[in-house]
Novice: 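To start, I am sharing the structure in question, which I have written as structure tokens.
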Amino acid sequence: LAKTTQPISMDSYEGQEVNITCSHNNIATNDYITWYQQFPSQGPRFIIQGYKTKVTNEVASLFIPADRKSSTLSLPRVSLSDTAVYYCLVGEGGGADGLTFGKGTHLIIQP
Amino acid sequence: SQTIHQWPATLVQPVGSPLSLECTVEGTSNPNLYWYRQAAGRGLQLLFYSVGIGQISSEVPQNLSASRPQDRQFILSSKKLLLSDSGFYLCAWSVLAGRADTQYFGPGTRLTVL
């Protein structure tokens with residue numbers, strides 16, 4: 001089970017692009033990278049998932065370099081409502097694999 | 001579309017009392033089901049997961065237990081609550097469909113043990 005490392009917290013301002021990087025040096029060949037967002041007193045919400053290169057959806061982009069030892073979640077033009085904790089998970093999935101949520105990155109957006 | 005329900009939303013229980021939290025999923029069949037606990041200011045801790053009716057795997061030894069009496073029902077129980085059982089309990093479901101697992105979480109139950 002690949003371990004992940006993220007910054008504990010980050011600050012930014014409305015309208016800025018925010019990049020949160022996750023390190024996963026021991027990622028396995030079959031592992032995917034998944035990001036979740038959690039607001040206070042709510043369950044985490046799936047944001048994006050990828051295996052390599054770049055993935056983009058209506059919410060975010062995920063950049064994964066060729067060695068896959070890290071990944072970067074990119075949030076374009078953040079707003080105050082993007083203030084939340086963001087978790088990076090790495091695993092193949094199914095059962096208990098890839099289900100270790102660390103402390104995540106607490107992103108604080110200021111006006 | 002799929003939905004997941006948890007109840008109750010909040011619960012205050014005395015130490016030593018029993019516990020039963022229920023989670024149900026609608027709109028999908030044979031999901032993987034999970035129970036997590038989140039202590040204040042901490043990450044999520046996986047407690048139990050189930051890949052089918054009657055199949056329960058425990059990740060952390062404790063005084064909690066889980067059961068899956070029906071395909072889309074997952075129950076978290078305790079015979080005697082401890083103070084350390086306080087926390088935010090989350091149920092989640094997933095369906096592994098040819099690629100990595102993606103989980104969908106319920107609204108959670110805030111449990112306070114006094």
Side-chain angles (χ1 to χ4, degrees), chain A residues 1-9 22 24 27-52 55 57 59-60 62 64 68 71 84-108, chain B residues 2-7 9-11 21 23 25 30-52 55-60 66 68 74 87-112:
Chain A
L1 188 63
K3 181 179 177 180
T4 60
T5 302
Q6 305 174 232
I8 297 296
S9 65
C22 179
H24 28 81
I27 190 168
T29 301
N30 294 332
D31 287 346
Y32 280 76
I33 301 156
T34 310
W35 286 80
Y36 290 84
Q37 174 192 57
Q38 185 181 25
F39 298 113
S41 297
Q42 294 185 27
R45 181 177 71 103
F46 170 82
I47 299 176
I48 197 166
Q49 184 179 83
Y51 183 80
K52 61 180 180 181
V55 179
N57 61 23
V59 177
L62 179 59
I64 305 168
R68 304 202 324 125
S71 59
V85 178
Y86 293 81
Y87 297 95
C88 165
L89 277 73
V90 173
E92 185 175 358
D97 182 47
L99 303 178
T100 300
F101 284 78
K103 293 187 177 181
T105 298
H106 189 193
L107 176 64
I108 299 173
Chain B
Q2 300 88 0
T3 55
I4 179 169
H5 305 279
Q6 282 186 249
W7 64 90
T10 60
L11 191 60
L21 302 181
C23 170
V25 180
N30 196 30
N32 296 325
L33 295 173
Y34 311 88
W35 277 112
Y36 288 87
R37 176 171 60 200
Q38 187 172 35
R42 309 283 298 272
L44 280 74
Q45 178 186 37
L46 178 64
L47 301 175
F48 301 95
Y49 70 92
S50 171
V51 298
Q55 301 177 62
I56 309 294
S57 295
S58 174
E59 291 299 301
V60 181
R68 185 170 177 174
F74 206 22
F88 190 43
Y89 287 82
L90 289 158
C91 179
W93 70 272
S94 70
V95 176
L96 188 59
R99 52 184 301 158
D101 210 22
T102 299
Q103 294 177 75
Y104 301 91
F105 287 80
T109 294
R110 177 79 56 191
L111 172 66
T112 302

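Letters go in sequence order (proteins before strands), and every chain restarts at 1.
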Novice: What part of B/Gln38 is in contact with chain A, defined as an atom under 4.5 angstrom from a non-hydrogen atom: side chain, backbone, both or neither?
Specialist: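 Only the side chain of B/Gln38 comes within 4.5 Å of chain A.
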
Novice: Which residues pass the ring pair (Phe, Tyr, Trp, His ring centres under 6.0 Å) test with B/Phe105, not counting sequence neighbours?
Specialist: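 Result, ring pair (Phe, Tyr, Trp, His ring centres under 6.0 Å) vs B/Phe105: A/Phe101, B/Tyr36.
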
Novice: Among residues at least two apart in sequence or on other chains, which ones pass side chain to side chain contact (heavy atoms under 4.5 Å, CB included) with A/Gln42?
Specialist: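 Counting only residues at least two positions away or on another chain, A/Gln42 forms a side chain to side chain contact (heavy atoms under 4.5 Å, CB included) with A/Phe39.
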
Novice: For A/Pro44 and B/Leu90, work out which heavy atoms get closest and say how close.
Specialist: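 In this case the closest contact between A/Pro44 and B/Leu90 is CD-CD1, 3.9 Å.
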
Novice: Do side-chain atoms of A/Tyr36 reach the backbone of B/Gln103 as a donor and acceptor pair under 3.5 angstrom?
Specialist: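 A pair under 3.5 Å: yes.
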
